[in-house]
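Data first, discussion second: the structure below is written as structure tokens.
Counting starts at 1 for both ligands and their atoms, following the listed order. Note that the numbering runs from 1 along the sequence shown for the chain.
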Amino acid sequence: MQDIIIADNLEQSLAEAVGKVEHDRLFVLTDTTTRELCWPVVQDYSVMKEATMITIPPTDEGKTLETLASVWTSLQQGGATRHSLMVNLGGGMVTDLGGFAASTFKRGMAYINIPTTLLSQVDASVGGKTGINFGGLKNEIGVFNCARSVILSSAFLRTLDHENLLSGYAEMLKHGLLSSKENWAELLTFDIADPDYDTLQALVAKSVAIKEQIVTEDPTEKGIRKALNFGHTAGHAIESLALKEGRTVLHGYAVAWGLLMELYLSARKCGFPAKEMHQMEAYIKEHYGKFLYECKHYDTLCDFMAHDKKNQGGNINFTLLGGIGDIRINQTATQDEIEEMLDYYRES
Ligand code: GLY
């Protein structure tokens with residue numbers, strides 16, 4: 001399992017993390033955005049002096065086999081060996097693709113993640129899921145392989161706009177719902193519109209600890225790690241519908257809407273308390289607005305849920321909750337229940 005470092009002093013944390021991995025050459029992977037905004041934060045650190053830079057296009061659309069091949073080529077041309085080290089500096093695209101490139105080059109070299117978005121700090125960079133999109137499907141090809149260290153610094157969060165902060169915050173709300181009323185209530189009262197970054201860093205640390213505990217128990221998602229998919233069966237369907245219709249939605253927004261839908265199913269099937277469901281509903285509507293769709297979209301949404309790679313034996317797999325912290329994995333729902341869920345969200 002990886003070391004997760006909350007960096008009060010980024011230079012020192014990075015030097016320690018790099019120092020812990022014996023290596024012959026050091027590579028740093030960025031995308032064009034993080035090259036411009038985040039690399040300047042670390043480029044003068046003495047530990048970065050010898051680094052060879054590799055830069056790829058930004059956004060999830062670049063998370064392709066072609067981009068991956070370009071990274072392998074750069075590693076080869078830069079003289080990388082199995083004993084080299086890669087530092088991924090960026091959001092989930094960079095840490096997913098960079099982690100996969102490192103895990104496969106010469107059968108695997110070590111890598112360190114420095115996630116620069118809130119979403120990647122609390123989710124993508126932790127837990128060893130690496131990969132690329134393929135054949136029109138997200139994260140279709142990849143391996144489980146943890147970074148040696150994940151370094152979390154609030155320095156990068158200050159560069160994010162409000163939408164990207166909210167996008168990551170949805171995964172934190174999910175972790176809150178999976179863990180305890182106390183953690184969940186703390187998240188609802190934190191002022192994400194005008195954040196105090198020190199408090200946010202502490203909340204990130206708690207959130208990552210929740211994820212880490214689950215991943216440690218079940219690194220390859222045979223059981224309890226499925227809890228982390230809460231909100232994602234419906235959320236991914238929304239994301240796919242949006243993509244199909246050329247509407248842009250950030251991942252975390254789709255997760256927030258998906259949380260709401262799956263809380264409805266949780267209340268309907270597992271007795272999740274109505275009061276807390278309504279509290280969450282008010283919060284999500286206020287901060288994330290609403291994703292609009294019509295009855296004519298139901299078949300498409302159901303189809304997307306049916307094709308989720310988490311499904312087994314032809315059933316749509318949901319993680320639901322009996323209450324905050326009361327996780328029920330491997331739940332299924334009938335077509336009628338799913339349509340009721342879609343009605344509930346549309347009419348709410
Ligand atoms: N993002 C869910 C997981 O890491 O399992």
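- Not one N or O of Lys174 is nearer than 3.5 Å to an N or O of ligand 1, by distance alone.
- Residue Glu221 approaches ligand 1 through these ligand atoms, each under 4.0 Å from one of its heavy atoms: 5 (O).
- Here is the list of ligand 1 atoms found below 4.0 Å of a heavy atom in Asp123: 1 (N), 2 (C), 4 (O).
- Under the 3.5 Å distance criterion, with hydrogens and angles disregarded, a donor-acceptor pair is assigned to the side chains of Glu281 and Tyr344.
- Look at Lys211 and you'll find a heavy atom under 4.0 Å from some atom of ligand 1.
- Of all atoms in ligand 1, listed by their number and element, those nearer than 4.0 Å to a heavy atom of Leu228 are 2 (C), 3 (C), 5 (O).
- For the side-chain contact (heavy atoms from CB on, under 4.5 Å) with Tyr264, the qualifying choice from Glu340, Lys269, Glu337 is Glu340, the only one to do so.
- In this structure, a donor-acceptor pair under 3.5 Å is absent between the side chains of His23 and Ser84.
- Nearest to atom 5 (O) of ligand 1 among the protein's heavy atoms is Arg225 NE, 2.8 Å.
- Note: Tyr293 and Phe291 have tilted aromatic rings, judged against thresholds of 30 and 60 degrees for the angle between ring planes.
- Thr67 and Ser70 form no side-chain donor-acceptor contact under 3.5 Å, judged by distance and modelled atom types alone.
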